[in-house]
**Q** 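Structure incoming, see below.
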Amino acid sequence: MYILSIIPISRGIPFSSLSYYSTDALSIGTLVEIPLGRQVTTGLVYGCTSLIEAKTSIKQATFSLKRIKKVLGQSHFTTSLMEGLKEASVRTLTPSGSLAGIVINEIFLETFQSLSSQAIEQENIKKNPIVAYGTYTDRLDAYKRIIRGAFANKESVVLVAPSIRATEYWYEVLKKGITNHSVILHSKKTKRDQKSALTLIKNSDRPLFICTTPQSAVIPRSDIKTMILEDESSSLYKLHDRYSADMRIVLRSIADASGIQTVYGDTLPRFETLIETSSTELARVFTPDKLTVVPTEAYRSVLPTEVIELIRYCQKKKKSLFIYTNRKGIAPMSRCSDCGTSVDCPTCGLPVVLRYKISKGERERMFICTHCGDTLPATHVCSYCGSWNITPVSIGTESIYEAVTRIVENKNIITVDDNLALDDKSVEALLEDIQKRKWFVMIGTQRLLPHIKQVDYVVIPFFDRLLSTPSPYTVEEVLRLIMECNEKTKETLVLSTKKPDFEITKLLATKKIQSIIDSDLEIRKTLKYPPFGSLLKLSVTVPSSHKDTLVQKVTNFFANNEATLLPVRRVSPESMKLLCTWIIQVGTDYTADYGEDLQLFLQDLRFPYNLDINPSRLT
């Protein structure tokens, strides 16, 4: 008899591995059918020990072993894959079984199940990652060189993109000349197409270029030596489940365990990626050459006067214009209803927002600067006219659209934001229709930006508001946005600002991108923000009667770390349940050192929770 360590392949399972017994010895990578509660699921054998060797541990066990249902066959998934899943489990605080359920689906299991007695093994020499940054054209050239070099060495290449649209784009532009040796995989493909692609991957003895989304990126081929993570800064790499696992970490862990070279690609990679790859010194050509910073007067209308003049200029000269906003239609700033003057922070000069804040144990409303943290009382009066009539103002796509329609006909305007439930083809159809006109104005959020090919002018009318986003990654996100907009612009990229003397704005005006990066990294180092530390965002839904007990438990567990409890709020106005959220500052090795203890603590809470490692927002 043999004791088996098995990784269950099922999403959401809160276990990394389970123990079963079998009358026969099974090799690593064997697919088996196992009982799990009242259900039956598939598992991968990770370890096999004879009963004699495990006799002591079996006697001390507090549970009874179950027998596997049956052996399904030998998979092509390797020991190195399972080592990678174990490493990723520690780094993302996600059970290995849940990760296995994400990267190994039923179609993969059906296709790669065989009668072979051994799984495909790869050399597991860890390789340092490299970066490929710049415009789409720059990265396209870099990826072509990588693929050509790999094919010359009879090696396959996997390119991972965070969305289906991006996957299809890179597949179309990179398959030219190698169509018969190119494969695309994503969830929108039919089962028949997926099986056809996987069969080619399994049976082809020629090197392949495989373009895929993260969930299909674990390909059991021994000749895969390079994995490209395109658009590596995208938030789409993070899963939206209880564990919020980062697929960049998962795929990187598997690549390291399998001896695969990781290539990070983006317009501007995350700063932690630049640090990791020793690439913080960017090339001199990496600069927004079309950028112009335009000082504006105080906002006494929805749009600054300078932006209104640019719209009229584009109308007269028949030029295309894209107006970028980072908001759909909420109210991220306040202003005087009598004279239109906005309420700005007395310390840094950026716009403030009216929010609730815990002060001296009580919840009170006040104006808060999300950049420096300074506050103004809710009774603040206008600094220009002295009026008390301060009201929130929306500067989202809806209000900008209304302001633009007062200047030009709405038939020449298109608006796309996150509120529109449009697929990529519908958005592109809208753009194709509007581009048939002699001139047009596009208003949109980040949702629209990837679909734009080229426009004459791009304007960011509320640049100051971008800088006050409450995130550790604000600077790098702003730089990435500017570089992407610069690439889409034929003539000029305009940044409208009320604070031209603000440090980052001055550096942008002189196009000193390297100085901005160096300064932000120095600040992060001082604050111990990523990559010099880690942040955990723990959210727990709890009945109001258990709130104090929960707060005490979390406080005690993180007694040696800086844990900040954000204002507690109800899940809904009628609900008796509360959402408690903590921001916890820990060291970079915290998950490796205390990950298991933290997982046990969270399970012991017995309340629904979500743990986000290095969240994009701190509110």
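Model, not experiment: these values are computed from the prediction.
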**Q** Using only heavy-atom distances, determine whether the side chains of Asn610 and Ser539 contain a donor-acceptor pair under 3.5 Å.
**A**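 There is no such pair between these side chains.
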**Q** For Lys188, does the NZ atom sit with more than 12 other heavy atoms under 6.0 Å from it, leaving out its own atoms?
**A**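 At most 12 heavy atoms, drawn from other residues, nucleotides or ligands, come within 6.0 Å of this atom.
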**Q** Measure the NZ-NZ distance between Lys225 and Lys154 for me, rounded to the nearest 0.5 Å.
**A**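 Going from NZ on Lys225 over to NZ on Lys154, the span is 14.5 Å.
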**Q** Quick check on Arg206: does its CZ atom have over 12 non-hydrogen neighbours (other residues, nucleotides or ligands) under 6.0 Å away?
**A**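 Open.
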**Q** Could you pull out all donor-acceptor pairs under 3.5 Å where a side-chain atom in residues 159-170 meets a protein atom, sequence neighbours excluded?
**A**
residue: Ser163; atom: OG; partner: Ala166; partner atom: N; Å: 3.2
residue: Arg165; atom: NE; partner: Glu428; partner atom: OE2; Å: 3.3
residue: Arg165; atom: NE; partner: His451; partner atom: ND1; Å: 3.3
residue: Arg165; atom: NH2; partner: Pro450; partner atom: O; Å: 3.0
residue: Thr167; atom: OG1; partner: Ser163; partner atom: O; Å: 2.8
residue: Glu168; atom: OE2; partner: His186; partner atom: NE2; Å: 3.2

**Q** Pairing donors with acceptors under 3.5 angstrom, does anything connect the side chains of Asn486 and Thr489?
**A**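 Side chains of Asn486 and Thr489: no pair found under 3.5 Å.
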**Q** Is the count of non-hydrogen atoms from other residues, nucleotides or ligands lying under 6.0 Å from Lys488 atom NZ greater than 12?
**A**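 Buried by this count: over 12 neighbours within 6.0 Å.
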**Q** Between Glu476 and Arg524, does any side-chain N to carboxylate O distance fall below 4.0 Å?
**A**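 Yes, Glu476 and Arg524 are salt-bridged.
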**Q** For Arg252, is there an ion pair with Glu276 - N to carboxylate O distance below 4.0 angstrom?
**A**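 So Glu276 pairs with Arg252 through a salt bridge.
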**Q** Is it true that Ser156 and Asp223 share a donor-acceptor pair across their side chains at a distance under 3.5 Å?
**A**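 Looking only at side-chain atoms, Ser156 and Asp223 do form a donor-acceptor pair, the distance falling under 3.5 Å.
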**Q** Any side-chain hydrogen bond (donor to acceptor under 3.5 Å, both in side chains) pairs touching residues 585-596, not counting sequence neighbours?
**A**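 Pairs touching residues 585-596 that pass the test: none.
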**Q** In terms of heavy-atom contacts, does NZ of Lys69 have more than 12 from other residues, nucleotides or ligands at under 6.0 Å?
**A**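 Result for NZ/Lys69: open.
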**Q** Answer yes or no: is there an ion pair linking Asp289 with Lys511, defined by an N-O contact shorter than 4.0 Å?
**A**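 Here Asp289 does not pair with Lys511 in a salt bridge, since their nearest N and O are not under 4.0 Å apart.
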**Q** Partners of Arg91 by salt bridge (Lys or Arg N to Asp or Glu O under 4.0 Å), sequence neighbours excluded?
**A**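 Once residues adjacent in sequence are excluded, Arg91 has no partner under the salt bridge (Lys or Arg N to Asp or Glu O under 4.0 Å) criterion.
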**Q** Anything under 30° is parallel, anything over 60° is perpendicular, the rest tilted; go ahead and classify Phe286 against Tyr133.
**A**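 Plane angle over 60°, so perpendicular.
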**Q** Is the shortest heavy-atom distance from the side chain of Glu33 to the side chain of Ile68 under 4.5 Å?
**A**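 They are not in contact (no side-chain heavy atoms under 4.5 Å apart), so the answer is no.
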